[in-house]
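As structure tokens, the structure follows; a few thoughts come after it.
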Amino acid sequence: MLRVGQVMSRLSVCLYSYHTIGDALTLMKEKQVNGLPLLSDQGHLLGMVTKEQIFEKGLEQYAAENKAADYLTTRFLPLKEESVLDDVWDLPFDIYPVFNNQEEITGVVTKYSLGQAYFQNVQLRSQELEAVFDSAHNGILAINRQGIITSLNPAAERPTRSTKEEAIGRFLSDVIIPTGLLEVVRSGIPEFGAKFQVGRRLYISNRTPIIKDGEVIGAVGVFQDVSEMEKVLQELQSVKQLNEELRTTVASSYDGIIICDNQGEILRCNPAVGRILEVSWEELLGRPFKDLVDKGVFQKNIIYLVKKQDGLVSILESSSAEHSLVITGNPVYDEEGKMAKIVINIRDMSEIIFLREALEESKQLSKKYQAEIAQMRSHQETSADIRSGSVIMKNVLELASRVSQVDSPVVLVGEQGVGKEEIAKLIHSQSKRREEPFYKLNCGSFPYQLLEIEIFGQGNALGNGKGKTGLLELANNGSVYLEDIGKMPLNLQGRLLRVLKDKMLQISGGKETVSVDTRILAGTNRPLIEFVEKGLFREDLYFSLNVVPIKVPALRERKEDLIPLVLFYLEQNNKRHEMDKVISPDAVQLLLDYPWLGNVREMENVIERLVVTARGKIISAKEVDLVLYEKEKSPLRAVTVTGVIPLKQAMDDLEQQLVTLAMEQHGTTVKAAEALGVNQSTVVRKLQKLKESNVGIEGGSIRKK
């Protein structure tokens, strides 16, 4: 890149105020310049004294003794030595002082010198570009806006079948079949990777518009002969495809395949070998086949037998894994007839027998799973939707939706029946684990030992050789909802903490550990901190589990949701029981005034009862009142003292009545325990006590046996 310092006339003298015009002309002649800078006594540039300025004032006023300062002109621009010639050659003045980086005047330069140097530089660059253009391996062809060929290099003469002298100045279509350049000129849009053929030669071309001052003035095409390359690429692609097919075929084979060279070294094997022989098949590569025989993996050396017989050999043997194997060795010969490779095929016959037995078992399991799926679908259809019109519940659902996008544990706090389980399902269904399993378990519904097995599984200690898989392992990559988490025994809490922290599950009754990635969703009727303060819940588990607590409000705290829920359950039960019941306004008001201590679950049961027991199409306020408040009128819910008896006997009688009534209304020990506010084991123990004391439950009443 040419700079001003390379073109200027360097000076060792300058003019000062004491110089005359005669001195100035003498110095200009000696230095062969048309002007000199005039400096102040302090060395500052005041202006330029030029021959042109002297001639402009006229020779009649000329006197050699006149002061040079009288001919001073300030019409100039200072230039830097480092200024690029391209930036300054067309500036307006005829002469310029030149400064170095220390702001010292080092010379002068004329516009003529700048223009001449610029022209020579451009000419040199043009020659260099022309040489590069002509030396390019790829063909280059350019046209102007009218489609006239303006440039053509020697490499483009073959595809155009014309010389440079013959082509330049002619219309494009007169020289070569149009290759899309005309369209590029018209549209201004480049085209890349376009293929075209001339005779038997295949070319690939890139075409771009030539743009000047924002206007398309032509187009240039660069093309390369890719005939040989295309042929090689096609052959390479065929070989690559064939090799990939072979590799995929070998890898996908259910039978084990080992390929050895003629010395017995393993060149290739497939994953089925590792499955059948219970070894790491990748580590077999490069090892002698004889090593497998020495280590007892095989009893006989099939390589030796194939070489000895010089042909195909099949043997039957049992591997160290006690599998019945059929092993076939087949030699592969080269063009000279020499044994180059040996292909060994291993088929596990015991797996065929196992698959036959597994097929029968899978048929039985399929029937079982179909029944379970039908049951789950039925339960899903009858389960309550999360209906919300209240701000407080919408906030809860919005928070649940946000936390569903992360894997943090969630604790749902709320009374029984508020819908904690439904919110847990919502979190799972909106999470990235939605395609994985979701399990639920009530920690207060099982005795300690059964709860441990249900959650963490059981090893082979059960005696059946199979054990039992726990929910945390079954739900791997999915979610588990643990209701009444506060009732989990302390020692089980410690094991759950390890799952949360290390994602490692210790199987009960065994030393084995399993890696699990299960999201924990927990439910509790009271804040877990209360259990921590009473010593019933581990503090470290509390902090690990209580990452995102969500308080689910009771139904009485969100009155706006009452009517939508009533209408939802009314419609649901009308469809289920093929009825068309409606609720009177007075009856709706009673439902609104009711405290709903059992929350959504209680409402669901009450609406269903009203639908199936109401006499007419319209459910009246009287019928609603009877259903809502009959338990307050029930003689079994009131304690009447008619005489003095021992206190313990009175408490036993009351327990018998409560347990009997709970079983009558709820049918199962789990639901009865929830209604009584005790563990299921307590209800089971009370029922057992009733049997031992010759008291039975029949038809909802107590009778002596």
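What you are looking at is a predicted structure, and each value in this text was computed from that prediction instead of being measured.
To the nearest 0.5 Å, atom NZ of residue K468 and atom CG of residue L474 are 7.5 Å apart. Of the inter-residue distances, the one linking I520 atom CD1 with S408 atom OG reads 12.5 Å to the nearest 0.5 angstrom. Between the NZ atom in K487 and the CG atom in L536 there is a gap of 11.5 Å [rounded to 0.5 Å]. Separation of atoms CG (L500) and CZ (R519) is listed at 11.5 Å; rounding is to 0.5 Å. Rounded to the nearest 0.5 Å, atoms CD1 (I257) and CD1 (I346) are 9.5 Å apart. Atom CG of L482 sits about 11.0 Å away from atom CG of L412, to the nearest 0.5 Å.
Residues R433 and T518 approach most closely at NH1-CA, 4.1 Å, considering heavy atoms. For Y569 against N573, the heavy-atom pair with the smallest separation is O-ND2, 2.7 Å. Nearest heavy atom pair, residue S479 against residue L521, reads CB-CD1, 4.3 Å. The two atoms that bring L597 and E602 nearest to each other are N-OE1, 3.4 Å, heavy atoms only. Here the shortest heavy-atom pairing between I485 and F537 reads O-CE1, 3.6 Å. Among all heavy-atom pairs drawn from S431 and S404, the shortest one is CB-O, 3.0 Å.
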>> Run L325 and L277 through side chain to side chain contact (heavy atoms under 4.5 Å, CB included) and show every step you take.
In response: CA-CA 10 Å; L325 305 178; L277 303 180; 4.0 Å; yes
> Between E530 and K534, does a salt bridge (charged side-chain N to carboxylate O under 4.0 Å, His left out) hold up when you go through it step by step?
Replying inline: CA-CA 6 Å; E530 295 182 12; K534 294 180 180 180; 5.4 Å; no
>> Would W596 and L628 count as a side chain to side chain contact (heavy atoms under 4.5 Å, CB included) here? Give the steps.
In response: CA-CA 9 Å; W596 298 110; L628 291 179; 3.9 Å; yes
>> One pair to check against side chain to side chain contact (heavy atoms under 4.5 Å, CB included): K686 and V678. What are the steps and the verdict?
In response: CA-CA 11 Å; K686 296 296 182 184; V678 297; over 6 Å; no
> Where do L555 and V418 land on the side chain to side chain contact (heavy atoms under 4.5 Å, CB included) test, with the steps shown first?
Replying inline: CA-CA 7 Å; L555 191 54; V418 294; over 6 Å; no
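The aromatic rings of Y594 and Y629 sit perpendicular, their planes meeting at an angle over 60°, well past the 30° parallel limit.
Not a single donor-acceptor pair under 3.5 Å links the side chain of D255 to the backbone N or O of R347. Between the side chain of E436 and the backbone N or O of N477 there is no donor-acceptor pair closer than 3.5 Å. Side-chain atoms of R495 never come within 3.5 Å of backbone atoms of L505 as a donor-acceptor pair (strictly under, hydrogens ignored). In this structure, the side chain of S429 engages the main chain of L426 through a donor-acceptor pair within 3.5 Å. Formation of a donor-acceptor pair under 3.5 Å by the D625 side chain with backbone atoms of A621 is not found in this model. Side-chain atoms of K617 never come within 3.5 Å of backbone atoms of V582 as a donor-acceptor pair (strictly under, hydrogens ignored). Between the side chain of E623 and the main chain of S620, a donor-acceptor pair closer than 3.5 Å is present. Using a distance-only test at 3.5 Å, with no hydrogens or angles considered, no donor-acceptor pair links the side chain of Q458 to the main chain of T469. For the pair T249 (side chain) and E245 (backbone), a donor-acceptor distance under 3.5 Å is present. Side-chain N or O atoms of D502 include none that pairs as donor or acceptor with a backbone N or O of S515 at under 3.5 Å.
Taking a 6.0 Å sphere around CD of E539, one finds it holds 12 or fewer heavy atoms contributed by other residues, nucleotides or ligands. Heavy atoms from other residues, nucleotides or ligands lying under 6.0 Å from NZ of K503 number more than 12. Environment of CD in E282: crowded, with over 12 heavy atoms of neighbouring residues, nucleotides or ligands closer than 6.0 Å. For L399, the CG atom sits in a packed shell: over 12 heavy atoms of surrounding residues, nucleotides or ligands are nearer than 6.0 Å. Around NZ of K559, the count of heavy atoms belonging to other residues, nucleotides or ligands within 6.0 Å exceeds 12. Enclosure of atom NZ in K671 is not indicated, since only 12 or fewer non-hydrogen atoms of other residues, nucleotides or ligands lie within 6.0 angstrom. More than 12 heavy atoms of other residues, nucleotides or ligands sit less than 6.0 Å from atom CD1 of I529.
A donor-acceptor contact closer than 3.5 angstrom links the side chains of E415 and N599. Q506 and T513 are not linked by any side-chain donor-acceptor pair at a separation below 3.5 angstrom, with hydrogens and angles left out of the test.
Ion pair R558/D561 flagged as a salt bridge, since at least one NZ, NE, NH1 or NH2 atom sits closer than 4.0 Å to an Asp/Glu carboxylate oxygen. A salt bridge is defined here as a Lys NZ or Arg NE, NH1 or NH2 lying under 4.0 Å from an Asp or Glu carboxylate O, and E422 with R601 fails to meet this definition. Using a 4.0 Å cut-off between charged side-chain N and carboxylate O, K575 and E571 make a salt bridge. Under the 4.0 Å criterion applied to side-chain N and carboxylate O atoms, D348 and R275 are not assigned as salt-bridge partners. By the 4.0 Å N-to-carboxylate-O rule, K432 lies close enough to D407 to be salt-bridged with it. A salt bridge links E398 to R402: at least one charged side-chain nitrogen sits closer than 4.0 Å to a carboxylate oxygen. With respect to E483 and K440, no salt bridge is recorded, no charged nitrogen being found less than 4.0 Å from a carboxylate O.
Considering only heavy atoms from C-beta on, L562 stays 4.5 Å or farther from L591 through its side chain. No side-chain heavy atom of S544 sits less than 4.5 Å from a side-chain heavy atom of Y542. Considering only heavy atoms from C-beta on, N270 comes within 4.5 Å of V273 through its side chain. The shortest side-chain heavy-atom distance between M393 and V552 falls under the 4.5 Å cut-off. Between Y481 and F438, some side-chain heavy-atom pair lies under the 4.5 Å cut-off. N491 is listed as a side-chain neighbour of Y448, based on a closest heavy-atom distance under 4.5 Å. Side-chain contact check for V548 versus P409: every heavy-atom pair is 4.5 Å or farther apart. Between V413 and K420 the shortest side-chain heavy-atom distance does not fall below 4.5 Å.
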Donor-acceptor pairs are to be reported for all side-chain atoms of residues 607-616 against protein atoms at under 3.5 Å, with residues two or more places apart or in another chain.
unit_1, atom_1, unit_2, atom_2, d
E608, OE2, R576, NH1, 3.4
E608, OE2, H577, NE2, 3.4
R609, NH1, E630, OE2, 2.5
R609, NH2, E630, OE1, 3.3
R609, NH2, E630, OE2, 2.4
T613, OG1, R609, O, 2.5

